[in-house]
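Heads up: the structure comes next, in C-alpha coordinates.
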Amino acid sequence: MPWELLVTDTRLIKSLKNQLELEGKFVRPIYRDGDITVVRTSIEDHDEECLHRYEQFTRRKYHQELPESANVVAQCTRKFLEARDEPKQKELMDSLPLRYSIYPPLLLFNNSSRSFASRPWQEYFQQHGPELYFEQLLQHFPGLTHVAINMPIVESDVMRRPFNIQPLHGQFNRDLSAQFWVSPTAQDFQNTLWCQTIQNGIQQHWAPMFTMFSRGNVTEKKRILDTFEDIEGNDVVDLYAGIGYFTLSYLKRGARNCLCFELNPWSTEALRRGIVANKIDPRTCHIYNEDNVNCIRRIEQWAHTIDGDPRIRHINLGLLPSSKKAWPLAQAIISLQRKCANPPAVVTMHIHENVHINLLNNESFIQDTIAILSQDSSSSYIARHLEKIKTFAPDVWHVCLDVDVASH
Ligand SMILES: C[S@@+](CC[C@H](N)C(=O)[O-])C[C@H]1O[C@@H](n2cnc3c(N)ncnc32)[C@H](O)[C@@H]1O
(Lines give C-alpha, C1' and ligand atoms only; values in the text may rest on other atoms or scores of the structure.)
Protein backbone atom coordinates (compact mmCIF):
# COMPACT_ATOMS: atom_id res chain seq x y z
CA MET A 1 0.00 0.00 0.00
CA PRO A 2 1.45 3.43 -0.88
CA TRP A 3 1.89 6.44 1.40
CA GLU A 4 0.08 9.78 1.44
CA LEU A 5 1.65 12.87 3.00
CA LEU A 6 -0.20 15.13 5.42
CA VAL A 7 0.62 18.79 4.88
CA THR A 8 -0.30 21.45 7.42
CA ASP A 9 1.54 24.36 5.80
CA THR A 10 -0.28 25.07 2.54
CA ARG A 11 2.72 27.03 1.19
CA LEU A 12 4.58 23.73 0.82
CA ILE A 13 1.99 22.03 -1.36
CA LYS A 14 3.12 23.37 -4.71
CA SER A 15 6.79 22.55 -4.28
CA LEU A 16 5.95 19.15 -2.80
CA LYS A 17 3.71 18.35 -5.77
CA ASN A 18 6.40 19.53 -8.21
CA GLN A 19 9.07 17.41 -6.57
CA LEU A 20 6.85 14.32 -6.51
CA GLU A 21 5.97 14.89 -10.17
CA LEU A 22 9.63 15.16 -11.07
CA GLU A 23 10.22 11.80 -9.40
CA GLY A 24 7.13 10.35 -11.11
CA LYS A 25 5.63 9.70 -7.66
CA PHE A 26 2.68 12.09 -7.57
CA VAL A 27 -0.82 10.65 -7.43
CA ARG A 28 -3.80 12.91 -7.86
CA PRO A 29 -6.04 14.24 -6.49
CA ILE A 30 -4.76 16.41 -3.66
CA TYR A 31 -7.61 16.60 -1.14
CA ARG A 32 -8.55 18.18 2.16
CA ASP A 33 -9.09 16.16 5.29
CA GLY A 34 -10.29 18.55 8.00
CA ASP A 35 -7.57 21.15 8.42
CA ILE A 36 -4.86 19.26 6.59
CA THR A 37 -4.10 18.86 2.92
CA VAL A 38 -3.38 15.32 1.80
CA VAL A 39 -0.94 14.70 -1.03
CA ARG A 40 -0.86 11.20 -2.39
CA THR A 41 2.24 9.44 -3.63
CA SER A 42 3.05 6.13 -5.25
CA ILE A 43 5.91 5.61 -2.79
CA GLU A 44 5.84 2.19 -1.20
CA ASP A 45 7.68 0.87 1.86
CA HIS A 46 10.52 -0.70 -0.13
CA ASP A 47 11.43 2.69 -1.59
CA GLU A 48 13.25 3.73 1.58
CA GLU A 49 15.55 6.23 -0.05
CA CYS A 50 12.62 8.08 -1.54
CA LEU A 51 10.63 7.97 1.70
CA HIS A 52 13.61 9.49 3.45
CA ARG A 53 13.41 12.57 1.21
CA TYR A 54 9.89 13.29 2.46
CA GLU A 55 10.42 12.49 6.13
CA GLN A 56 9.54 16.05 7.21
CA PHE A 57 5.88 15.17 6.48
CA THR A 58 3.61 13.04 8.62
CA ARG A 59 2.41 10.17 6.49
CA ARG A 60 -0.16 7.43 6.41
CA LYS A 61 -1.00 4.49 4.18
CA TYR A 62 -4.00 4.81 1.89
CA HIS A 63 -6.39 2.61 -0.03
CA GLN A 64 -7.02 3.39 -3.66
CA GLU A 65 -10.39 5.08 -3.17
CA LEU A 66 -10.79 8.43 -1.48
CA PRO A 67 -12.84 8.66 1.70
CA GLU A 68 -16.28 9.72 0.59
CA SER A 69 -16.20 12.71 2.93
CA ALA A 70 -13.35 14.13 0.86
CA ASN A 71 -15.05 13.82 -2.48
CA VAL A 72 -17.56 16.38 -3.53
CA VAL A 73 -18.95 14.19 -6.31
CA ALA A 74 -19.69 11.39 -3.84
CA GLN A 75 -21.27 13.76 -1.33
CA CYS A 76 -23.48 15.45 -3.88
CA THR A 77 -24.50 12.17 -5.52
CA ARG A 78 -25.47 10.54 -2.23
CA LYS A 79 -27.66 13.51 -1.33
CA PHE A 80 -29.21 13.52 -4.79
CA LEU A 81 -30.05 9.81 -4.70
CA GLU A 82 -31.27 9.88 -1.10
CA ALA A 83 -33.62 12.77 -1.84
CA ARG A 84 -35.20 10.61 -4.54
CA ASP A 85 -35.30 7.39 -2.50
CA GLU A 86 -33.40 5.77 -5.33
CA PRO A 87 -33.66 1.98 -4.80
CA LYS A 88 -30.37 1.30 -6.61
CA GLN A 89 -28.42 3.83 -4.55
CA LYS A 90 -25.81 1.35 -3.34
CA GLU A 91 -25.09 0.01 -6.80
CA LEU A 92 -24.85 3.53 -8.21
CA MET A 93 -22.56 4.73 -5.42
CA ASP A 94 -20.34 1.67 -5.89
CA SER A 95 -19.81 2.52 -9.56
CA LEU A 96 -19.58 6.29 -9.16
CA PRO A 97 -16.36 7.71 -10.64
CA LEU A 98 -14.44 9.74 -8.06
CA ARG A 99 -11.57 10.92 -10.22
CA TYR A 100 -11.86 13.75 -12.65
CA SER A 101 -10.02 16.67 -14.22
CA ILE A 102 -11.26 20.20 -14.37
CA TYR A 103 -10.61 21.81 -17.74
CA PRO A 104 -12.93 24.83 -17.73
CA PRO A 105 -15.70 24.71 -18.77
CA LEU A 106 -15.45 20.90 -18.84
CA LEU A 107 -15.60 18.42 -15.98
CA LEU A 108 -13.86 15.35 -17.41
CA PHE A 109 -14.31 12.05 -15.58
CA ASN A 110 -11.89 9.16 -15.68
CA ASN A 111 -13.11 5.82 -16.96
CA SER A 112 -12.02 2.98 -14.70
CA SER A 113 -13.89 0.23 -12.89
CA ARG A 114 -16.00 3.09 -11.51
CA SER A 115 -17.53 5.07 -14.34
CA PHE A 116 -20.63 6.78 -15.64
CA ALA A 117 -20.29 4.32 -18.51
CA SER A 118 -20.98 1.46 -16.09
CA ARG A 119 -24.21 -0.50 -16.36
CA PRO A 120 -25.94 0.96 -13.24
CA TRP A 121 -25.35 4.54 -14.39
CA GLN A 122 -26.25 3.88 -18.00
CA GLU A 123 -29.54 2.30 -16.83
CA TYR A 124 -30.18 5.17 -14.46
CA PHE A 125 -29.65 7.75 -17.23
CA GLN A 126 -31.90 5.81 -19.60
CA GLN A 127 -34.68 5.79 -17.04
CA HIS A 128 -34.41 9.32 -15.65
CA GLY A 129 -32.28 11.19 -18.16
CA PRO A 130 -28.88 12.58 -17.13
CA GLU A 131 -29.81 16.27 -17.11
CA LEU A 132 -31.15 16.82 -13.61
CA TYR A 133 -28.32 14.90 -11.99
CA PHE A 134 -25.54 16.73 -13.84
CA GLU A 135 -27.20 20.12 -13.36
CA GLN A 136 -27.12 19.52 -9.61
CA LEU A 137 -23.58 18.18 -9.71
CA LEU A 138 -22.29 21.19 -11.65
CA GLN A 139 -23.63 23.52 -8.98
CA HIS A 140 -20.62 22.35 -6.96
CA PHE A 141 -18.25 23.34 -9.78
CA PRO A 142 -18.78 27.03 -10.48
CA GLY A 143 -17.92 27.99 -14.04
CA LEU A 144 -18.22 24.46 -15.44
CA THR A 145 -21.01 23.74 -17.92
CA HIS A 146 -20.08 20.46 -19.65
CA VAL A 147 -19.40 16.89 -18.48
CA ALA A 148 -17.75 14.03 -20.35
CA ILE A 149 -15.96 10.73 -19.80
CA ASN A 150 -12.37 10.53 -20.93
CA MET A 151 -11.57 7.38 -22.89
CA PRO A 152 -8.27 5.99 -24.13
CA ILE A 153 -7.20 7.26 -27.53
CA VAL A 154 -6.98 4.82 -30.41
CA GLU A 155 -3.31 3.86 -30.63
CA SER A 156 -3.46 3.26 -34.37
CA ASP A 157 -4.60 6.83 -35.08
CA VAL A 158 -1.45 8.76 -35.80
CA MET A 159 -3.19 12.05 -34.97
CA ARG A 160 -4.13 10.73 -31.53
CA ARG A 161 -7.69 12.01 -31.87
CA PRO A 162 -10.12 11.44 -29.00
CA PHE A 163 -12.68 9.46 -31.01
CA ASN A 164 -14.03 7.73 -27.91
CA ILE A 165 -14.60 10.64 -25.55
CA GLN A 166 -18.19 10.37 -24.26
CA PRO A 167 -20.11 13.63 -23.75
CA LEU A 168 -22.60 13.37 -20.90
CA HIS A 169 -23.94 16.87 -20.40
CA GLY A 170 -23.94 20.12 -22.37
CA GLN A 171 -23.73 20.73 -26.10
CA PHE A 172 -20.28 19.95 -27.45
CA ASN A 173 -20.77 20.48 -31.21
CA ARG A 174 -23.43 21.94 -33.46
CA ASP A 175 -23.86 22.23 -37.23
CA LEU A 176 -20.43 20.99 -38.24
CA SER A 177 -19.60 21.00 -41.94
CA ALA A 178 -19.27 17.73 -43.87
CA GLN A 179 -15.46 17.65 -43.80
CA PHE A 180 -15.02 18.77 -40.20
CA TRP A 181 -12.22 16.33 -39.36
CA VAL A 182 -9.91 17.06 -42.28
CA SER A 183 -10.77 20.60 -43.32
CA PRO A 184 -12.77 22.29 -40.61
CA THR A 185 -14.17 25.73 -41.41
CA ALA A 186 -13.90 28.84 -39.25
CA GLN A 187 -17.55 28.22 -38.39
CA ASP A 188 -16.72 24.67 -37.23
CA PHE A 189 -14.08 26.08 -34.91
CA GLN A 190 -16.73 28.38 -33.44
CA ASN A 191 -19.31 25.63 -33.11
CA THR A 192 -17.45 23.32 -30.77
CA LEU A 193 -16.49 23.40 -27.13
CA TRP A 194 -13.03 24.75 -26.26
CA CYS A 195 -11.27 24.00 -22.98
CA GLN A 196 -8.33 25.56 -21.32
CA THR A 197 -5.89 24.91 -18.54
CA ILE A 198 -2.81 26.66 -17.20
CA GLN A 199 0.43 24.76 -16.66
CA ASN A 200 3.60 26.47 -15.47
CA GLY A 201 1.86 29.79 -16.12
CA ILE A 202 1.21 28.88 -19.77
CA GLN A 203 -2.33 28.70 -21.10
CA GLN A 204 -3.24 25.73 -23.25
CA HIS A 205 -6.41 25.68 -25.32
CA TRP A 206 -7.94 22.74 -27.14
CA ALA A 207 -11.24 21.35 -28.42
CA PRO A 208 -11.70 18.13 -26.42
CA MET A 209 -13.82 16.47 -29.12
CA PHE A 210 -10.97 16.85 -31.65
CA THR A 211 -7.59 16.76 -29.95
CA MET A 212 -6.14 14.97 -26.97
CA PHE A 213 -4.68 16.74 -24.00
CA SER A 214 -1.91 15.14 -21.98
CA ARG A 215 -1.50 16.78 -18.59
CA GLY A 216 1.36 14.44 -17.76
CA ASN A 217 3.82 16.40 -19.89
CA VAL A 218 3.87 19.17 -17.30
CA THR A 219 7.27 18.24 -15.88
CA GLU A 220 8.84 18.20 -19.34
CA LYS A 221 7.41 21.63 -20.09
CA LYS A 222 8.89 22.89 -16.83
CA ARG A 223 12.25 21.41 -17.78
CA ILE A 224 12.14 23.36 -21.05
CA LEU A 225 11.34 26.55 -19.18
CA ASP A 226 14.02 26.02 -16.52
CA THR A 227 16.91 24.19 -18.12
CA PHE A 228 17.76 25.26 -21.62
CA GLU A 229 19.20 28.76 -21.45
CA ASP A 230 20.21 28.70 -25.07
CA ILE A 231 16.63 28.72 -26.29
CA GLU A 232 16.60 32.47 -25.98
CA GLY A 233 17.32 34.19 -29.28
CA ASN A 234 17.64 30.89 -31.15
CA ASP A 235 15.19 28.91 -33.28
CA VAL A 236 13.37 25.67 -32.49
CA VAL A 237 11.68 23.05 -34.67
CA ASP A 238 8.78 21.07 -33.21
CA LEU A 239 8.10 18.12 -35.49
CA TYR A 240 4.95 16.91 -33.68
CA ALA A 241 3.57 20.16 -32.36
CA GLY A 242 0.06 19.07 -31.29
CA ILE A 243 -1.71 21.94 -29.54
CA GLY A 244 1.66 23.44 -28.65
CA TYR A 245 2.47 21.46 -25.52
CA PHE A 246 6.16 22.18 -26.01
CA THR A 247 6.06 24.94 -28.63
CA LEU A 248 4.42 27.39 -26.24
CA SER A 249 7.06 26.68 -23.59
CA TYR A 250 9.89 27.25 -26.09
CA LEU A 251 8.37 30.52 -27.24
CA LYS A 252 7.69 31.68 -23.67
CA ARG A 253 11.33 30.88 -22.92
CA GLY A 254 12.35 33.38 -25.60
CA ALA A 255 12.86 31.31 -28.76
CA ARG A 256 13.38 33.59 -31.75
CA ASN A 257 11.20 31.38 -33.97
CA CYS A 258 9.46 28.08 -33.56
CA LEU A 259 8.62 26.07 -36.69
CA CYS A 260 5.76 23.71 -35.93
CA PHE A 261 4.59 20.73 -37.95
CA GLU A 262 1.25 19.17 -37.12
CA LEU A 263 -1.20 17.05 -39.12
CA ASN A 264 -4.42 17.71 -37.20
CA PRO A 265 -6.04 21.05 -38.21
CA TRP A 266 -7.89 21.17 -34.89
CA SER A 267 -4.55 21.07 -33.08
CA THR A 268 -3.03 23.83 -35.19
CA GLU A 269 -6.12 25.97 -34.47
CA ALA A 270 -5.61 25.22 -30.78
CA LEU A 271 -1.98 26.26 -31.10
CA ARG A 272 -3.01 29.56 -32.73
CA ARG A 273 -5.38 30.20 -29.84
CA GLY A 274 -2.60 29.39 -27.38
CA ILE A 275 -0.30 31.91 -29.08
CA VAL A 276 -2.93 34.64 -28.70
CA ALA A 277 -3.84 33.68 -25.11
CA ASN A 278 -0.20 33.76 -24.02
CA LYS A 279 0.46 37.08 -25.76
CA ILE A 280 3.21 35.55 -27.87
CA ASP A 281 4.17 37.45 -31.03
CA PRO A 282 2.46 35.37 -33.76
CA ARG A 283 5.27 36.21 -36.18
CA THR A 284 7.59 33.99 -34.13
CA CYS A 285 5.43 30.88 -34.54
CA HIS A 286 5.42 29.33 -38.01
CA ILE A 287 2.66 26.75 -38.13
CA TYR A 288 2.58 24.15 -40.91
CA ASN A 289 -0.59 22.10 -40.86
CA GLU A 290 0.99 19.23 -42.77
CA ASP A 291 3.13 16.13 -42.55
CA ASN A 292 6.57 16.80 -41.12
CA VAL A 293 8.14 15.04 -44.13
CA ASN A 294 7.82 18.49 -45.74
CA CYS A 295 9.99 20.11 -43.09
CA ILE A 296 13.19 20.38 -45.16
CA ARG A 297 11.49 22.18 -48.03
CA ARG A 298 9.64 24.44 -45.59
CA ILE A 299 12.73 25.28 -43.58
CA GLU A 300 14.65 26.11 -46.77
CA GLN A 301 11.85 28.49 -47.82
CA TRP A 302 11.71 30.05 -44.38
CA ALA A 303 15.51 30.44 -44.23
CA HIS A 304 15.32 32.66 -47.33
CA THR A 305 12.94 34.99 -45.50
CA ILE A 306 15.51 35.54 -42.74
CA ASP A 307 18.47 36.09 -45.07
CA GLY A 308 19.70 32.52 -44.86
CA ASP A 309 20.45 32.79 -41.16
CA PRO A 310 18.53 30.07 -39.31
CA ARG A 311 19.78 29.33 -35.82
CA ILE A 312 17.94 26.09 -35.01
CA ARG A 313 19.27 25.07 -31.61
CA HIS A 314 16.60 22.56 -30.51
CA ILE A 315 14.52 20.01 -32.38
CA ASN A 316 11.61 18.46 -30.52
CA LEU A 317 10.42 14.98 -31.51
CA GLY A 318 7.33 14.41 -29.37
CA LEU A 319 5.47 11.42 -30.74
CA LEU A 320 4.64 8.33 -28.70
CA PRO A 321 5.17 5.46 -28.62
CA SER A 322 8.09 6.39 -30.86
CA SER A 323 9.41 9.35 -32.79
CA LYS A 324 11.96 7.21 -34.69
CA LYS A 325 10.44 7.98 -38.06
CA ALA A 326 11.40 11.61 -37.68
CA TRP A 327 15.01 11.10 -36.56
CA PRO A 328 16.30 11.26 -40.16
CA LEU A 329 14.29 14.46 -40.65
CA ALA A 330 15.99 16.05 -37.67
CA GLN A 331 19.37 14.94 -39.02
CA ALA A 332 18.54 16.43 -42.41
CA ILE A 333 17.53 19.74 -40.79
CA ILE A 334 20.87 19.83 -39.00
CA SER A 335 22.90 19.20 -42.15
CA LEU A 336 20.83 21.71 -44.11
CA GLN A 337 21.55 24.35 -41.49
CA ARG A 338 25.26 23.65 -41.61
CA LYS A 339 25.36 25.23 -45.06
CA CYS A 340 23.94 28.50 -43.65
CA ALA A 341 25.61 31.61 -42.26
CA ASN A 342 25.84 31.13 -38.46
CA PRO A 343 24.64 27.69 -37.44
CA PRO A 344 24.88 26.89 -33.73
CA ALA A 345 27.82 24.60 -32.92
CA VAL A 346 25.46 22.12 -31.26
CA VAL A 347 21.86 21.20 -31.96
CA THR A 348 19.95 19.24 -29.32
CA MET A 349 17.43 16.63 -30.41
CA HIS A 350 14.74 15.93 -27.79
CA ILE A 351 13.70 12.37 -28.52
CA HIS A 352 10.47 11.17 -26.91
CA GLU A 353 9.92 7.41 -26.69
CA ASN A 354 8.11 4.85 -24.60
CA VAL A 355 10.77 2.55 -23.20
CA HIS A 356 10.68 -0.56 -21.03
CA ILE A 357 12.32 -0.05 -17.67
CA ASN A 358 14.83 -2.87 -18.33
CA LEU A 359 16.20 -1.03 -21.37
CA LEU A 360 16.60 2.06 -19.23
CA ASN A 361 18.26 0.23 -16.35
CA ASN A 362 20.82 -1.52 -18.54
CA GLU A 363 21.29 1.66 -20.61
CA SER A 364 20.71 -0.18 -23.87
CA PHE A 365 18.05 2.35 -24.89
CA ILE A 366 20.61 5.14 -24.85
CA GLN A 367 23.31 3.02 -26.51
CA ASP A 368 20.99 1.79 -29.26
CA THR A 369 19.67 5.27 -29.99
CA ILE A 370 23.15 6.73 -30.26
CA ALA A 371 24.25 3.80 -32.45
CA ILE A 372 21.36 4.36 -34.87
CA LEU A 373 21.96 8.11 -35.07
CA SER A 374 25.72 7.61 -35.46
CA GLN A 375 25.20 5.82 -38.76
CA ASP A 376 25.33 9.40 -39.99
CA SER A 377 29.08 9.93 -39.88
CA SER A 378 28.96 13.67 -40.57
CA SER A 379 28.13 14.42 -36.93
CA SER A 380 28.92 13.29 -33.43
CA TYR A 381 26.00 12.29 -31.22
CA ILE A 382 26.26 12.55 -27.46
CA ALA A 383 23.50 11.59 -25.04
CA ARG A 384 23.36 14.54 -22.73
CA HIS A 385 20.41 13.71 -20.46
CA LEU A 386 17.64 11.18 -20.06
CA GLU A 387 14.43 12.50 -18.50
CA LYS A 388 11.89 10.02 -17.18
CA ILE A 389 8.65 11.91 -17.75
CA LYS A 390 5.90 9.57 -16.63
CA THR A 391 4.94 5.94 -16.56
CA PHE A 392 2.95 5.06 -19.64
CA ALA A 393 2.08 1.51 -18.64
CA PRO A 394 3.44 -0.84 -15.97
CA ASP A 395 7.23 -0.90 -16.45
CA VAL A 396 7.05 1.37 -19.50
CA TRP A 397 8.30 4.94 -19.21
CA HIS A 398 7.67 7.91 -21.43
CA VAL A 399 11.18 9.36 -21.60
CA CYS A 400 12.87 12.22 -23.36
CA LEU A 401 16.47 11.66 -24.39
CA ASP A 402 18.41 14.85 -25.13
CA VAL A 403 21.06 14.18 -27.74
CA ASP A 404 23.64 16.84 -28.57
CA VAL A 405 24.58 16.83 -32.24
CA ALA A 406 27.82 18.50 -33.37
CA SER A 407 29.56 18.36 -36.72
CA HIS A 408 32.88 16.49 -36.89
C1 LIG B 1 0.87 12.82 -29.01
S2 LIG B 1 0.82 14.31 -29.90
C3 LIG B 1 2.17 15.03 -29.24
C4 LIG B 1 2.00 16.44 -29.06
C5 LIG B 1 2.96 16.95 -28.09
N6 LIG B 1 4.28 17.10 -28.70
C7 LIG B 1 3.02 16.05 -26.88
O8 LIG B 1 4.02 15.37 -26.65
O9 LIG B 1 2.10 15.99 -26.09
C10 LIG B 1 1.51 13.90 -31.42
C11 LIG B 1 1.06 14.83 -32.48
O12 LIG B 1 1.82 14.58 -33.64
C13 LIG B 1 0.98 14.72 -34.76
N14 LIG B 1 1.60 13.96 -35.85
C15 LIG B 1 1.71 12.61 -35.97
N16 LIG B 1 2.39 12.28 -37.08
C17 LIG B 1 2.74 13.45 -37.69
C18 LIG B 1 3.47 13.78 -38.86
N19 LIG B 1 3.98 12.82 -39.64
N20 LIG B 1 3.66 15.07 -39.17
C21 LIG B 1 3.15 16.04 -38.38
N22 LIG B 1 2.45 15.80 -37.23
C23 LIG B 1 2.24 14.53 -36.89
C24 LIG B 1 -0.37 14.21 -34.31
O25 LIG B 1 -1.42 14.75 -35.04
C26 LIG B 1 -0.39 14.63 -32.83
O27 LIG B 1 -1.07 15.85 -32.64
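Index from 1, following the sequence. Counting convention: from 1, in listed order, for ligands and their atoms alike. Since this is a predicted model, take the numbers as computed values, not measurements.
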Minimum-distance protein heavy atom relative to atom 10 (C) of ligand 1 | Leu319 CD1, 3.5 Å
Salt bridge check: are Arg384 and Asp404 linked by an N-O gap of less than 4.0 Å?
-> yes
Looking at atom 22 (N) of ligand 1, what's its closest protein heavy atom, distance included?
-> Leu263 N, 3.3 Å
Assess whether atom NZ of Lys279 is packed by more than 12 heavy atoms of other residues, nucleotides or ligands within 6.0 Å.
-> no
Sub-4.0 Å heavy-atom approach of Asp291 to ligand 1 = yes
Proximity winner for atom 9 (O) of ligand 1, if only heavy atoms of Asn294, Thr268, Asn217, Leu317 are counted | Asn217
Across all chains, not counting sequence neighbours, the ring-ring contact (aromatic ring centres under 6.0 Å, His included) partners of Phe80 are Tyr133
Exceeds 12 heavy-atom contacts within 6.0 angstrom, atom CD of Glu363 | no
Among all protein non-hydrogen atoms, which one is nearest to atom 20 (N) of ligand 1, and what is the separation to 0.1 Å?
-> Asn292 N, 2.9 Å
Check the surroundings of atom CZ in Arg283: do more than 12 heavy atoms from other residues, nucleotides or ligands lie under 6.0 Å from it?
-> no
Just need the protein heavy atom nearest to atom 5 (C) of ligand 1, so name the residue and atom and give the distance.
-> Tyr245 CD1, 3.0 Å
Among Arg160, Lys221, Glu262, Arg161, the residue with a heavy atom nearest to atom 24 (C) of ligand 1 is Glu262
Residue part near ligand 1, for Glu290, under 4.0 Å between non-hydrogen atoms | backbone
Considering only heavy atoms, which of Pro265, Gly242, Gly318 lies nearest to atom 3 (C) of ligand 1?
-> Gly318
Which residue and non-hydrogen atom of the protein lie closest to atom 15 (C) of ligand 1, and at what distance in Å?
-> Val158 O, 3.4 Å
For Leu106 and Cys195, the nearest pair of non-hydrogen atoms, with its separation, is CB-SG, 3.6 Å
Which bit of Tyr240 is near ligand 1, meaning a heavy atom under 4.0 Å away: side chain, backbone, both or neither?
-> both
side-chain hydrogen bond (donor to acceptor under 3.5 Å, both in side chains) partners for Glu55, two or more places apart = His52
Does His352 offer a backbone N or O that forms a donor-acceptor pair with the side chain of Ser323 under 3.5 Å?
-> yes
Output the list of atoms in ligand 1 that are nearer than 4.0 Å to some heavy atom of Phe246, sorted by atom number.
-> 6 (N), 7 (C), 8 (O)
